[in-house]
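Note sheet for the following structure.
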Amino acid sequence: MVWDWKYALDILPGLLEVAPVTILATLGAFAVALILGLGLAFARRSTNRLLSGVTHAVVEFIRSTPPFVQLFFLFFVMPQFGVTMSALMTGILGLGIHYSTFLSEVYRAGIDSVEKGQWEAATALNFTPRQKWMRIILPQAIRPIIPVMGNYLITLFKETPMLLGITVVEMLSQAQIIGSQSFRYTEPVTLVGIFFLVLSYGASLLVKRLEIRLNVHR
Amino acid sequence: MSGSEVIERPDTEAPIEGKEPIVRFEKISKSFGELDVLKEVDLDLYPGERVAIIGPSGSGKTTMARLLMTLEEPTDGYIEVDGRQLWHKEVNGELVKANEKHLHEVRGDIGMVFQHFHLFPHMTVLKNLMEAPIKVKGQTKAKAREEALAMLEKVGMVDFADQYPARLSGGQQQRVAIARALVMHPKVMLFDEPTSALDPETVGEVLEVIKEIAKDREMAMMLITHEMSFARDIADRIAFFDEGKIQEQGPPAKLLNNPETERLGEFLNRFGIDGNHG
Ligand SMILES: Nc1ncnc2c1ncn2[C@@H]1O[C@H](COP(=O)(O)OP(=O)(O)OP(=O)(O)O)[C@@H](O)[C@H]1O
Ligand SMILES: [Mg+2]
């Protein structure tokens, strides 16, 4: 099979039409992961043994089962319990939950990297526990983990084609649809690959620059 | 330095007559597991009084300060701050363990300067001084800023207001840390070896600042230090800790020149102070 430039250019607009779906799924899932991940990190650090133990178990369970299985579960099994969502919403939630377990560990590492003396100075100045977290600890905890977070965002982005499995029409499934109309798959699938390559590579360069900037300011 | 040096006291002793203690440790004990660090220690601090705490490593000096700053909870005993229980609160005439809300109310009277400064690295010097007055005391930004700058002026750091702490020397950081504690206007200020993490060249500037603020008799000061001449210069009273107890306490001249206990004599000898001939 040879590469047909004309065909490739013809289908490009149709492919890019669904790029916003892929981007939305990525950013949406990442937002869920950022918020839920912080919640999990707090729960894991709780002095309540039960809460921290249960959280630990749940995090381990989600981390060690395939995200694809989790998506299937949300999409096909949850409706039987009366919970229905659009495919995209399910995808955002499923990927978000999966990645929250990774981000919770990243948050934990960030929080642990803040010196004990920072907590003590904050206590000595009589900050409330909430103020300590928001003003003193988290700003210091998050700074060094921003590059790691960025890399998780890129990984998450590259995993969005799996949403095809739960009928979300994102880039790869659009390529499949276009290909099935003309029985030519080389161009659409290759274009999708290039799309992911360009954005991932661009984002990784940004993360690198961010990392350097964060280090300079130390 | 030697014990025969004549040292000018900057001030007379604190006028404590007829005043209630601002801090009262009552039979305070602290254990870490098997290790009994403090054993039923009694210590009173009077308003405006300056008490230096000396003693060998591991004798429990830092632990005393940390209990008062609520960084560590006593195993037994009571601490009173300005007439209120710190670690306990009265419920139906009984003393029960205090919650964070109660600690927050009482803790406001106490400030602390740490050995390793612990400035907030993500804030400029000025922000370090403004954050707590604004967030904790509800001061306006303008007022907090004005007072922060005045305090920085006092410790000679006003030119560094917009710098981040990482850019400063140890001595400069410690002066900022002192100013940060002062803008909260505590009734009692704790210093835990404020110069022992510093390069020798910068020790002097920090001790000068502490002496300067000690002139103001509003605030009581508890100074844990290994700098004997500093303790002698600044303290109204020195308490000697050893093995989790106060072995001896009294005015500097008396304590440093005529130690009663053998332990203190030995301790002072190690600092080159020949106790008995002072
Ligand atoms: N959190 C802790 N857990 C276990 N042991 C502790 C803890 N904090 C202090 N200790 C121990 O308690 C003892 C007293 O410590 P403390 O820091 O009060 O001594 P110090 O008089 O301040 O000594 P130094 O002059 O070395 O600062 C030491 O043996 C120390 O190892
Ligand atoms: Mg100590």
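The chains referred to below are lettered A, B, ... by the order of the sequence lines, with proteins before strands, and numbering in each begins at 1.
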Query raised in the report: Can we say B/Glu80 and B/Arg24 salt-bridge, meaning some charged N sits less than 4.0 Å from an Asp/Glu carboxylate O?
Result: no
Requested in this report: Answer yes or no: is there an ion pair linking B/Arg175 with B/Glu205, defined by an N-O contact shorter than 4.0 Å?
Outcome: yes
Report task. Using the ring of B/Phe120 (Phe, Tyr or Trp, six-membered ring only), decide whether B/Arg180 places NZ or CZ under 6.0 Å from its centre and within 45 degrees of its axis. Result -> yes
Report task. Could you list the residues that satisfy salt bridge (charged side-chain N to carboxylate O under 4.0 Å, His left out) with A/Lys208, not counting sequence neighbours? Result -> none
Between [X] and chain A, which part of the residue has a heavy atom less than 4.5 Å away: side chain, backbone, both or neither?
X: B/Met69; value: both
X: B/Leu119; value: backbone
X: B/Ile110; value: backbone
X: B/Arg167; value: neither
X: B/Glu131; value: both

Query - Heavy-atom pair with the smallest gap, counting every atom of B/Leu129 and B/Ala148 - result: CD2-O, 3.5 Å
Query raised in the report: Looking at B/Lys137, B/Met112, B/His104, which makes the most heavy-atom pairs under 4.5 Å with chain A?
Result: B/His104
Report summary line: Residues at least two apart in sequence or cross-chain that pass side chain to side chain donor-acceptor pair (under 3.5 Å) with A/Tyr107, listed by chain then number, are none
Query raised in the report: Checking A/Gln131 against chain B: side chain, backbone, both or neither under 4.5 Å from a heavy atom?
Result: side chain
